[in-house]
Amino acid sequence: MPTMDPNRKKSKPVDLVDSVDSRVELTESTRSCPFPDEVLERVLSLIDSHKDRSSVSLVCKDWYNAERWSRRHVFIGNCYSVSPEIVAARFPRIRSVTLKGKPRFSDFNLVPEDWGADVHPWLSVFSSAYPFLEELRLKRMAVSDESLEFLATSFHGFKALSLLSCDGFSTDGLKAIASHCKNLTELDIQENGIDDLGGHWLSCFPESQTSLEVLNFASLNSEVSFDALEKLVSRCKSLRVLKLNRNISLDQLQKLLLHCPQLMELGTGTFMQELISGPVTEFKNMFSNCRKLVTVSGLWDATPLYLPVIYPVCASLTFLNLSYATLQSSELANLLFHCRSLRRLWLLDTVGDKGLEAVGSCCPLLEELRVFPADPFDQEIFLGVTESGFVSVSRGCPKLRHVLYFCRQMTNAAVATIARNCPDFTHFRLCIMNPGQPDYLTKEPMDEAFGAIVKTCTKLQRLAVSGLLTDRTFEYIGQHAKNMETLSVAFAGNSDLGMECVLKGCPKLRKLEIRDCPFGNAALLSGLTKYESMRSLWMSACNVTMNACRMLAKEKPRLNVEVMRDEEGSDDSQAHKVYVYRSVAGPRRDAPPFVLTL
Amino acid sequence: MDQKRSTLNLFENIDLATELRLGLPGTDDQPEIKTSLSGNKRSSSEIGSSASCKDEDESSFSPPAKEQVVGWPPVRSYRKNILQVKKTEPETGSGMYVKVSMDGAPYLRKLDLKMYKSYEELMKGLQEMFKCIIGLYSEREGYNGSQHALTYEDKDGDWMLVGDVPWEMFISSCKRLRIMKSCEARGLGDFL
């Protein structure tokens, strides 16, 4: 229960003296809130969802204040929508921050380097505003080693660091974290543009470090000292998530597992062995003590010989990430036979349609499926998966909610069937890898496919479309996708009408990202009144001109309208990459020369 | 409208307003080639002319059979890099020649892995070349019953037993082959 903060007591009388109006306001609100602030704060402190908290803060001044004092975690979906000073002024007692930076298309190299989203200005402000900051979760932010060092030395109770899709730092930065953060419970390094200078960082954890609960270095390539790792794992008795990198051998994994039977999530290293050290039978019991394991990932280079080693834990697995194991259909089928409790499954398309049939027959509880392409750029080696694999899964897994599916051929009929079989989709991302490819059987556009999805799946929150699409698709989306919050479009549509339909028809739209579509100025400007209710809009390689962007910027001063200049500076009247987002912080002050704020 | 055409329509004489399709003038079927619709000039200039469709006539350039659009398909850089590491490109455009040594033989041979579609074919080819009997590796029996064992050096420099991984994965990581005498490969035999 938060104790009375002496500083806080002082601010109330100041409010009263400030103006007569506020005194009246306060009296009214105290009439409706008969209990003391501490009680209100205590009650509100139980609310976690930031959406709910936003609602709470709008009720009245008292509630606004109680909410801001009781908030411990702040989620900032776009680091430029607000400034660190504003955040610190409103929320004095934050312990945990989630911060997202670059537009999502930066993951696919559409955003130049040095675009921004530097975390350092945030850390500077936080070091004085939140000296007791415990958690920092960053996504698509630019992070330097200096920033990591600053983080490690400025926040003495710091506990959890998660970096996803960030760039600009090296393993030296990790050294700083390992060495200085005495209370570290979580170090989660995922898929970053990190400069891997070696595995010495792991040896920087002092002997006194015993509090680690989460350690994920699966995406780092360099070898760490196994001795240091083994000792670390054995002294951290609360370790529940351990994700190793590819350099850790099966032998070594076996040794590690002896020290952490309490593990809940495991990312293995290389899952096969050179045949020098001994028979497979010695690994047979490797997992027999891991009774709490629910997630397994890694399984690099797993061969049919070694996969059976994990069979003993398969029955209780709820999440299996095989997206780095190039399994064939029979290997997958044999494995899934044991995995009846799976809720989430990530695969490579090497498993083929046959593999997906096995998914359909073995995993009736499946809620999430992601199928990644093993060879996105080369058709010659694998056909991968097709519409038939997806249909097989939908037949056997009616509880599917979240799908990401990369394929090279699809039909409208198949998707309609899938929608009927799985009406509960909340996230549907279908990527037909050939841009603008029609239904391969009927040669028609894929409009009816996505039409079926939005008509049938009323809970749909996130949609990514692909294939040959006319404006019809967007008409369907505008008419039916009433819960859709995020839409990704590429190589689709005929005219402005498409984008207009979406902007007019989708009340909950928050993020719209479009590339290579024939949407122009009329489409952009049709969303004039909409963009302030959205987090952001991205349009690249469309038909938008600078003048239209200027017009938007002029009409809506609370939006930041940014245009990224094409390097060749070819046609200055065209706006090649447009990024529009709402902000209370005004235009960016750190924009590089190629980003023009209008 | 013209603006729209110039940025997106890489072909002449196709009416975007009524029908959006990919294809060269004169083609009706779904084209086998991918085409970039990117308005970005840079990617246009990257389009090579390595392959062309037979029906092409008045088009101003010929799109290649396989072309990469920037940032498409939307696979994160991390995953792309990992997958590229797994697959090594052969040195020359055609042929994947690796050296083959046999213990006791004075000379090495070279053979083209691309000539074979499976382990069986490879074994037959080696037997022809070296007039020895290797037999096929089986999970249960190893190279039991033969005097030789087949190993290979992978791209990490490690010596591995041939037969564990799927064929495609094998040929992409195999750098050289060595036919060992069974007695020397005793560690492998204990594996059974």
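The structure displayed is predicted, hence computed values, not measured ones.
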Do you know the tightest heavy-atom contact between B:Pro166 and A:Glu331?
-> CG-OE2, 4.4 Å
Quick one: closest heavy-atom pair of A:Cys431 and B:Trp72, and the distance?
-> SG-CZ2, 3.8 Å
In sequence, state the C-alpha distance, the side-chain angles, and the governing distance for A:Thr303 and B:Met169, and then conclude on side-chain contact (heavy atoms from CB on, under 4.5 Å).
-> CA-CA 11 Å; A:Thr303 67; B:Met169 199 192 287; over 6 Å; no
Rounded distance (nearest 0.5 Å) linking atom NZ of B:Lys80 with atom CZ of A:Phe372 =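 It is 14.0 Å, given to the nearest 0.5 Å.
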CG of A:Asp107 to OG of B:Ser77, rounded to nearest 0.5 Å, is 7.0 Å
Side chain, backbone, both or neither: which part of [X] has an atom under 4.5 Å from a heavy atom of chain B?
| X | value |
| --- | --- |
| A:Leu327 | neither |
| A:Ser488 | neither |
| A:Phe105 | neither |

Under 3.5 Å, side chain of B:Arg79 to main-chain N/O of A:Ser323, donor-acceptor pair present?
-> yes
Hey, mind stepping through B:Glu168 and A:Thr350 against side-chain contact (heavy atoms from CB on, under 4.5 Å) and telling me if it holds?
-> CA-CA 11 Å; B:Glu168 293 297 348; A:Thr350 52; over 6 Å; no
Steps toward side-chain contact (heavy atoms from CB on, under 4.5 Å) verdict (B:Val70, A:Leu110) | CA-CA 7 Å; B:Val70 175; A:Leu110 287 181; 3.9 Å; yes
Would you check if A:Met433 and B:Val75 make a side-chain contact, meaning some heavy-atom pair closer than 4.5 Å?
-> no
Would you check if B:Pro73 and A:Phe108 make a side-chain contact, meaning some heavy-atom pair closer than 4.5 Å?
-> no
Does CD belonging to A:Glu113 count more than 12 external heavy atoms closer than 6.0 Å?
->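 Atom CD in A:Glu113 is not crowded, with 12 or fewer foreign heavy atoms closer than 6.0 Å.
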